[in-house]
Amino acid sequence: EAGVAQSPRYKIIEKRQSVAFWCNPISGHATLYWYQQILGQGPKLLIQFQNNGVVDDSQLPKDRFSAERLKGVDSTLKIQPAKLEDSAVYLCASSSGGGLSTDTQYFGPGTRLTVL
Amino acid sequence: AQSVTQLDSQVPVFEEAPVELRCNYSSSVSVYLFWYVQYPNQGLQLLLKYLSGSTLVKGINGFEAEFNKSQTSFHLRKPSVHISDTAEYFCAVSDPGTGGFKTIFGAGTRLFVKA
């Protein structure tokens, strides 16, 4: 079974530029998560989708971050405009359950973003 | 709000020695607990999880963890480590009592196994 795919793997941009990350979850997984992992910290949930609906986006900085999962399969996370503090690894994960606390999440390799 | 503390940021250990990675969480009536491992340049992978039942949970790659409700701890152990266990380990907690779905991760412990 193919795992969670993410692209690009690395991205370097200057502050105030825009950037987009793409994620394709494991086939059949209804729940998709985006996490931000700053160096030296654990992953922090940005947004959780159940199919194409948003379950939790309470920690998403909505003035600059946006995410969509239009057809309930792959997803895009966008930052516009980027700030220096957005430098981090952006992880995508998926799970087959209903997005419950008990679900096992399967993670992609992440996109490392550097903002100069 | 739920929180997770991983007491050691780095743990160096010699190959074939035992290891314990410590994790404490803030108190709650009931919680779900997880350990994930992150190898270099890879995503996180589930090692084991505690949902209910036996407090000793066995996972992949010879790891196990013990849920201790009175001490609000979920320490990860392995009796004999290998070079290939070198990675970052994350403890995580979900609190179903809040009605939410969010999993909170600790800051991670970097395990470095030396030959």
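Chain letters run A, B, ... following the sequence lines, proteins first, then strands; residues in each count from 1.
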**Student:** Do V11(B) and V113(B) land in one hydrophobic cluster if side-chain heavy atoms of ILVMFWY residues count as linked below 4.5 Å?
**Tutor:**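 They do share one cluster, since a chain of ILVMFWY contacts under 4.5 Å joins V11(B) to V113(B).
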**Student:** Please name the pair of heavy atoms, one in F90(B) and one in Q41(A), separated by the smallest distance, quoted to 0.1 Å.
**Tutor:**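 Shortest heavy-atom contact: CE2-O, 4.0 Å.
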**Student:** Checking Q6(B) against chain A: side chain, backbone, both or neither under 4.5 Å from a heavy atom?
**Tutor:**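 No part of it gets close to chain A.
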**Student:** Are the side chains of Y36(B) and Q105(A) in contact, using a 4.5 Å heavy-atom criterion?
**Tutor:**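 The answer is yes; the side chains approach within 4.5 Å.
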**Student:** Check whether F21(A) and V4(A) end up in the same hydrophobic cluster, where Ile, Leu, Val, Met, Phe, Trp and Tyr are linked by side-chain heavy atoms less than 4.5 Å apart.
**Tutor:**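 No: no chain of side-chain contacts under 4.5 Å links F21(A) to V4(A).
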**Student:** Side-chain heavy atoms under 4.5 angstrom apart, residues restricted to Ile, Leu, Val, Met, Phe, Trp, Tyr: same cluster for L113(A) and L91(A)?
**Tutor:**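 No, L113(A) does not connect to L91(A) through the hydrophobic network.
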**Student:** Under 4.5 Å from any heavy atom of chain B, what part of Q6(A) do you find: side chain, backbone, both or neither?
**Tutor:**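 No part of Q6(A) comes within 4.5 Å of chain B.
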**Student:** What part of R112(A) gets within 4.5 angstrom of chain B, counting heavy atoms only: side chain, backbone, both, or neither?
**Tutor:**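 Contact with chain B: none, neither part.
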**Student:** Is the number of heavy atoms from other residues, nucleotides or ligands within 6.0 Å of CD (Q17(A)) greater than 12?
**Tutor:**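 Yes, CD of Q17(A) has more than 12 neighbouring heavy atoms, counting only those of other groups under 6.0 Å.
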**Student:** Could you tell me which portion of L46(B) (side chain, backbone, both or neither) has an atom closer than 4.5 angstrom to a non-hydrogen atom of chain A?
**Tutor:**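 Side chain of L46(B) only, per the 4.5 Å heavy-atom cut-off to chain A.
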**Student:** Answer yes or no: is there a side-chain heavy-atom contact under 4.5 Å between T103(B) and Y35(A)?
**Tutor:**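 The answer is yes; the side chains approach within 4.5 Å.
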**Student:** Quick check on K62(A): does its NZ atom have over 12 non-hydrogen neighbours (other residues, nucleotides or ligands) under 6.0 Å away?
**Tutor:**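 Count over threshold, so yes.
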**Student:** Can you tell me if K78(A) has over 12 outside heavy atoms packed within less than 6.0 Å of its NZ?
**Tutor:**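 Not more than 12 within 6.0 Å, no.
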**Student:** Taking C-beta and beyond as the side chain, do P109(A) and N41(B) meet within less than 4.5 Å on heavy atoms?
**Tutor:**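 Heavy-atom side-chain distance check fails, nothing below 4.5 Å.
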**Student:** Measure the CD-OG1 distance between Q45(B) and T104(A) for me, rounded to the nearest 0.5 Å.
**Tutor:**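 Going from the CD atom of Q45(B) to the OG1 atom of T104(A) covers 11.0 Å.
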**Student:** So with a 6.0 Å cut-off around CG of L39(A), is the heavy-atom count from everything else above 12?
**Tutor:**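 No, because the 6.0 Å sphere around CG of L39(A) holds 12 heavy atoms or fewer from other groups.
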**Student:** Using 0.5 Å steps for rounding, measure from the CD atom of Q42(B) to the CZ atom of F107(A).
**Tutor:**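 Q42(B) CD to F107(A) CZ: 13.5 Å, rounded to 0.5 Å.
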